[in-house]
Amino acid sequence: MANVTLKINGQEVTVENGATILEAAKQAGIYIPTLCYHPWLPLEEACRICVVEEVRGDWSSLAAACVYPVRTGMVIETDSPKVTEARRTIMDLLLSDHPNDCMTCYATGECELQDLAHLCAVKATKYAGARHQYEIDSDPNPNLHIDMNKCILCRRCIRACHDIQGADIWTKVGRGFDQRISTAFDLPLLDAGCEMCGHCADFCPVDAIGFRKGRGEARSWQLHRASTICLQCPSGCRAEYDSIESKIVRVLGDFRSPANHGALCKRGRFNFDFINSPDRLNEAATRNDTGELDGSSIEPALETAASALRRIRDASGGDAIAVLCGGMLTNEEYYLAQKLARCALSSNHIDNVGGPWQQAIYEGLDASLGLGAMTNSLNDIARAGAILALGSNTLENHAIAAIRARKAAREGAPLIVANAARVLLSKTANLYLPLKEGGDAALVLGLMKVIVEEELHDRKFLEEYTQDLAKLERSLQKVNMAEIVEKTGLSEDEIRSAARLYASRRPACLVYGVDLLNSPTSDTFFKMCASLQMLLGSVGVVGGGVNAMGAAGNCQGAADFGALPKYLPGYRPVTAAASRKLAGTVWGAELPKKAGMSWPEMLGAIEKGEIKALYLIGIDPFALGLSKLKIEGLLARLELLIVQDSNRTKACDYAHVVLPAPTFVEKAGTATNCERRVQRLDKVFAPPQGAPSDFELINTLLGFLNPQLQVASPEAAFAEATRFMSELGGVRPEQIPVEGLQWPVDSQGIGTERLPLPENGKNKFKFFAARL
Amino acid sequence: MTNWEPVLLANVNRPNSEKIDTYLRYGGYEALRKALKMTPDQVTAEVKTSEIRGRGGAGFPAGVKWGFMPKDAPVKYLAINTDEGEPGTFKDRLIVERDPHSILEGVIIASYAIGAHRAFVYIRGEFFLGVKRWIKAISDAYQKGFLGKNILGSGFDLDVSVHRGAGAYICGEETAMLESLEGKRGVPRTKPPFPAQKGFWGKPTLVQNCETLANIPHIILRGGKWYSSIGTEKSKGMKIFCISGHVNSPGNFELPLGTPLKEIIYEHAGGVRKGRDIKAIIPGGSSTPFLTAEKINTPMGFETLQAAGSALGTGAIIVMDETTDMVEVVRRITRFYVHESCGYCFPCRIGGQRMLSSLERLAGGKGSKQDIEDLEYVAKGIYGRTFCPMGTGMAEPVLSGLRLFRPEFEMKTAKN
């Protein structure tokens, strides 16, 4: 693009053609105040605060800097008397219809209106006349405090609700002076369909839409702000946590990570009470001879755990011990947990809550495409030509993917949602398919059958980039449509029209979110997903791909770092001699040769009495979707149950050793989101009473069992893990930038945003025979 | 008194003037036949030669605007602005109700020139009769083959439909009109891009006032040169002036641009009621600044009125005699604009209300000197600083009222 040179305040600035005056000024380090403008929202050009003077010889005019494009030779003044006066007038007018109760306002100190008034040296004015009188706290929702008296009508809330969340709940009502922000028919937020993402409050420059938490408790300058990664789902959003005295009061989006670009979901935004909960475990405990839990300091409890583990290992072998991790540990913790299981306890029975699915995703996609994880990036979903959303209730469980899908749909991409329940995302969908539970695999097959039959596939792409198409075609002929109809619960017509719609625009983007309760755990399913995308020429391209997202927070990292029964870190099969040899070199230990059990298998083995000891790290077995009775029975059978968790769960009642652990905001380390993005976690604040992290707990346990296996620090653990993981290209955690790094990382330390197309006919994408 | 043969209003007083047969009997659609034999560029050139300027208020040269339409764009639109809402203006309504075919013929010729195959009439919702007449005119034109596929065997296709506004003044602003036409809230768009680049559904769109379009058949039939021979140096052609207020015979008068204000008021509109003196004149609709009686000899043209400190606007002349309370006039006009403010940008939304509060206090005899100061401060703060020209239109009457009649405002505060 050509460059344009202009003068701002006498300073020459050269910017790209098409830039706005505001952008040019920013580049030149010249500050232009703004109000309705937000860099992450569409332009509104309503407040006129950002006006600047464009001088043309002996006359001049005012232009809104946020939107006005630069021209060669333009002469701009940003602080001339004309500009200052215009800004002051606007501020005068704004303050004339504002409560100006800064003394008690929650936003004081961080209010953009207040800052501007200070900048323009404007006081609350004297204008008599109409003022708005709205009810304070006018909406009964649990999270947001609404006080429209403070609203300046910048309409950022409307833009955030539309452009980021795609919910379109906020809207403008009335015109002129009586314009106000409200919902359709002035319904209460939740009745109007609000999804409680909280973006409106996050973007509100004043306190018209604010957070309930912390109100009347804290002043903005008392809040401690720290940024880390949310581990409550696999999206890996970067968020800013505002806390006071180690108590979180609100969570704001952090725009620096491309994973979320400042967006957060309801859970990430508002579900933080467990961190400050009275149910936090704050001391270790061991069960005494009379069967009571006795409080203990951590070290002796760990020693008790270690000796009990050693006893069982020596008596019944490593196969009698299993380690199961939750979804909110760091990569380093998963790494250490599997090292503990494999080396110190001689057991490959190590898994994480999302393991069975992550393993299937890896095996399916690696075999088909050579990259065993989500092929594209979350951002790519917004650039899709057509979208098929399968699996979880996307908006609830994989919200970022869902809002990106809605963004693509707004740009014209047909969105197909297939789900047993009429999930929220189906509201935006062009086509909703009421799929029979567990019918995902059959639907994918059905779609492929139609695409091949009706020749909707991309022949050129198939020829150039794929192999073994014949295998798929032959097998598809044998697929019986009647069976597909039966398994999906859809009519043939529905499947056909869905296939036509999905194939109507490229790139086609498959979004699959794992649902802990009813997702298939077979690699075949993901091979078929890859095949469907290959047929449509939508793998290896921007906006396409198989976008499979795991079941829980850091389950991608768990799998990458070896917390899987079958794989060492870097997906090295434990059954392969070469892998065990490498492990021998790195760890100096001999590993059991047989693959371990996945957690559903572990539960079965506990029932049969084969597994006698279970070490739970950050997981509540009662939240696995199984019956309470069954879990109670299983836990009662165990000879040894170690529960290591941040909060008291029902499992503690059955535990022999209880160990308190920090929550994810109290940890440092790395985590990997579903789009393979390795990001750094920083402590928002220290855990209560300086309790040790999961990493330190496992490490101490290792010390009791075999001190040689201990790792000095999380950084050292990461470095050790990279010896197994060529995908990480030898990167050190401190080198990971704030926006994260997507593996595979090359030797120059450059990550991979999306799976590339095969080059020179090598490593072509692979088709497999269709199987249900 | 100069007597001009009416051009635009030639048909309006004939019986059944709105019917297609009447229109055809007096030479209707002959211009279309002629235009379709010309190339689109020739048509545009003819319009450029005529030097006709838009009659909607802004006075932008129509031929130049047509020339802005990109030639290579596959889909283009024409939007006809019949959302006449400026207080004092009632010219479009007359043509639409009495001679809709003259506009429609202009529509077809303009569409042909710019290569649009779809045209939309956006009409003010309150024009009930106008809506009926537009619809009837369009369906009759379809029957006679002036619309639809292959118009008059030329191979040119055009479809026209009518869309009613829902009662917002701002929808007369071209981009707000396009928003409304798309089914959205009528709020102006950011410019650039201008409608000729990105208009209706993001496609290049020509937005044209219906009086402008009604001129087109005459320009094509008699030639651009003929048209540009009428009027002043920068204001060419015939114009319908709407005269209202304190005159003896208010109404629409078609006269050449450049006709002196005095002639229009005293010779055509029958002079001021009861032989009183004139205090103020609004020459171009309520958003144009006031003129005092001493400017009565100003010719009604774009450049001449600008020199006199006002603007031609829509050509709607409102005459106020010596008994008029100017504070009350300004209050009423401001009340209109405050009511019609869409609320999009800050200065217009809050500033309008603040001006109105001051004006209400002043007009009610409860105002103070501070109110006059505030009024002036806010009006200056709005003028030229709003998102769309409406804010400026709102500030103009206040500023010119204060400039020309300040003592009247001060009188009102005398008691306080």
Side-chain angles (χ1 to χ4, degrees), chain A residues 18 20 35-36 42-53 59-64 66-69 71 82-83 85-98 113 116 125-132 152-155 158 171-181 412, chain B residues 166-171 176 184-193 335-361 366-368 370-371 373-388 390-392 394-395:
Chain A
T20 61
L35 191 53
C36 68
L43 293 170
E44 186 82 355
E45 205 200 334
C47 72
R48 323 305 287 174
I49 285 289
C50 69
V51 287
V52 292
E53 188 173 0
W59 70 285
S60 72
S61 60
L62 291 173
C66 67
V67 66
Y68 210 81
R71 252 190 355 262
K82 194 169 177 175
V83 171
E85 200 234 303
R87 254 177 225 151
R88 285 190 56 119
T89 314
I90 308 281
M91 285 309 298
D92 253 341
L93 290 172
L94 273 175
L95 298 188
S96 79
D97 186 31
H98 189 78
L113 186 70
L116 270 174
T125 45
K126 62 279 168 188
Y127 293 114
R131 266 165 201 265
H132 288 118
I152 55 165
L153 278 157
C154 66
R155 299 185 287 272
I158 298 179
T171 184
K172 40 199 175 197
V173 176
R175 67 183 191 187
F177 189 68
D178 295 326
Q179 187 177 120
R180 62 201 164 86
I181 306 291
Chain B
Y169 170 78
I170 192 62
C171 291
K184 300 176 193 151
R185 187 187 170 100
V187 169
R189 293 177 182 173
T190 299
K191 285 179 277 187
R335 194 186 154 277
F336 170 79
Y337 285 108
V338 169
H339 179 252
E340 290 298 341
S341 165
C342 75
Y344 188 87
C345 71
F346 291 23
C348 176
R349 170 169 57 95
I350 316 173
Q353 181 63 42
R354 293 295 168 248
M355 291 199 303
L356 183 60
S357 306
S358 291
L359 281 163
E360 276 169 351
R361 281 192 294 273
K366 297 203 174 94
S368 64
Q370 185 64 43
D371 278 314
E373 270 170 45
D374 287 352
L375 189 60
E376 191 162 22
Y377 174 72
V378 176
K380 280 183 180 161
I382 299 175
Y383 186 87
R385 293 174 191 177
T386 47
F387 183 78
C388 80
M390 178 168 157
T392 301
M394 176 193 275

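Sequence lines set the chain letters: A, B, ... in the order given, protein chains first and strands last, and positions in each chain run from 1.
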Taking side chain as everything from C-beta outward and backbone as N, CA, C, O, which of these in [X] sits under 4.5 Å from a heavy atom of chain A? Side chain, backbone, both or neither.
{"X": "B:T386", "answer": "backbone"}
{"X": "B:R354", "answer": "side chain"}
{"X": "B:E360", "answer": "neither"}

Measuring heavy-atom distances to chain B, does [X] have an atom under 4.5 Å in its side chain, in its backbone, in both, or in neither?
{"X": "A:V51", "result": "neither"}
{"X": "A:I49", "result": "neither"}
{"X": "A:L93", "result": "both"}
{"X": "A:A130", "result": "both"}
{"X": "A:D178", "result": "neither"}

Q: Look at the side chain of B:Q353 and the backbone N and O of A:F177, then say whether any donor-acceptor pair between them is shorter than 3.5 Å.
A: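 Absent.
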Q: Go through A:C154, A:A64, A:G174, A:A86 and name the one with the most non-hydrogen pairs under 4.5 angstrom from chain B.
A: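 Winner by heavy-atom pair count: A:A86.
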Closest non-hydrogen atom pair, [X] against [Y]:
{"X": "A:L94", "Y": "B:R349", "result": "CD2-NH2, 4.5 Å"}
{"X": "B:P347", "Y": "A:C47", "result": "CD-O, 4.5 Å"}
{"X": "A:G129", "Y": "B:S357", "result": "CA-OG, 3.9 Å"}
{"X": "A:R48", "Y": "B:C345", "result": "CD-CB, 4.3 Å"}
{"X": "B:V378", "Y": "A:Y127", "result": "CG2-OH, 3.3 Å"}

With a 6.0 Å cut-off (strictly less than), is the heavy-atom count around [atom1] of [X], excluding the residue itself, greater than 12?
{"X": "B:R185", "atom1": "CZ", "answer": "yes"}
{"X": "B:Y377", "atom1": "OH", "answer": "yes"}
{"X": "B:K380", "atom1": "NZ", "answer": "no"}

State the [atom1]-[atom2] distance between [X] and [Y], to the nearest 0.5 angstrom.
{"X": "A:T89", "Y": "B:I350", "atom1": "OG1", "atom2": "CD1", "answer": "11.5 Å"}
{"X": "B:R385", "Y": "A:E85", "atom1": "CZ", "atom2": "CD", "answer": "4.5 Å"}
{"X": "B:F346", "Y": "A:M91", "atom1": "CZ", "atom2": "CE", "answer": "10.0 Å"}
{"X": "B:Y169", "Y": "A:R175", "atom1": "OH", "atom2": "CZ", "answer": "12.0 Å"}

Q) Based on non-hydrogen pairs under 4.5 Å, which of B:V338, B:V187, B:D374 is most in contact with chain A? A)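 So the answer, after comparing B:V338, B:V187, B:D374, is B:D374.
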Q.
Heavy-atom pairs under 4.5 Å with chain A: which of B:C348, B:C342, B:S358 has the most?
A.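 Option with the top pair count is B:C342.
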Q | side-chain contact (heavy atoms from CB on, under 4.5 Å) between A:R155 and B:Y344, worked out | A | CA-CA 9 Å; A:R155 299 185 287 272; B:Y344 188 87; 3.4 Å; yes
